[in-house]
Amino acid sequence: MLHRRAFSFILMCFVFVTLVSAVAWNQDRVTLNIACDGGANIAPFEWMKDQIEAELPVNIVLHSLPFEEVYSKLKTEFVAET
């Protein structure tokens, strides 16, 4: 289960960065504000931040949120179907 989550997360990050790089191709630099629950989920962004910024025209700003806050908001939106 954990391996599938990690693979899905890495794949999602790759697709996201690829899309952002395609959109930002004609711009000088784009600032990405990435917000996710802290700890292990934000670690891959911290590890790859410098490399991504060196290779792509983006500035990455990471925002670490408490897990309880993210989970409750996502659960509320899921139940409300918004």
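Note: hydrogens, waters and symmetry copies are ignored here, and every other heavy atom, side chains too, is used.
Listed by first then second residue, pairs satisfying salt bridge (charged side-chain N to carboxylate O under 4.0 Å, His left out) with a partner in residues 71-82 read E69-K73, not counting sequence neighbours.
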Name the atoms and distances for all side-chain donor-acceptor pairs under 3.5 Å in residues 45-57, with sequence neighbours left out.
unit_1, atom_1, unit_2, atom_2, d
K49, NZ, I60, O, 3.3
Q51, NE2, E55, OE2, 3.2
E53, OE2, I60, N, 2.7

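The only option from L62, L65, I42 that meets the side-chain contact (heavy atoms from CB on, under 4.5 Å) definition with C36 turns out to be I42.
In this view, T31 and N33, N59, V61 satisfy the side chain to side chain contact (heavy atoms under 4.5 Å, CB included) rule, not counting sequence neighbours.
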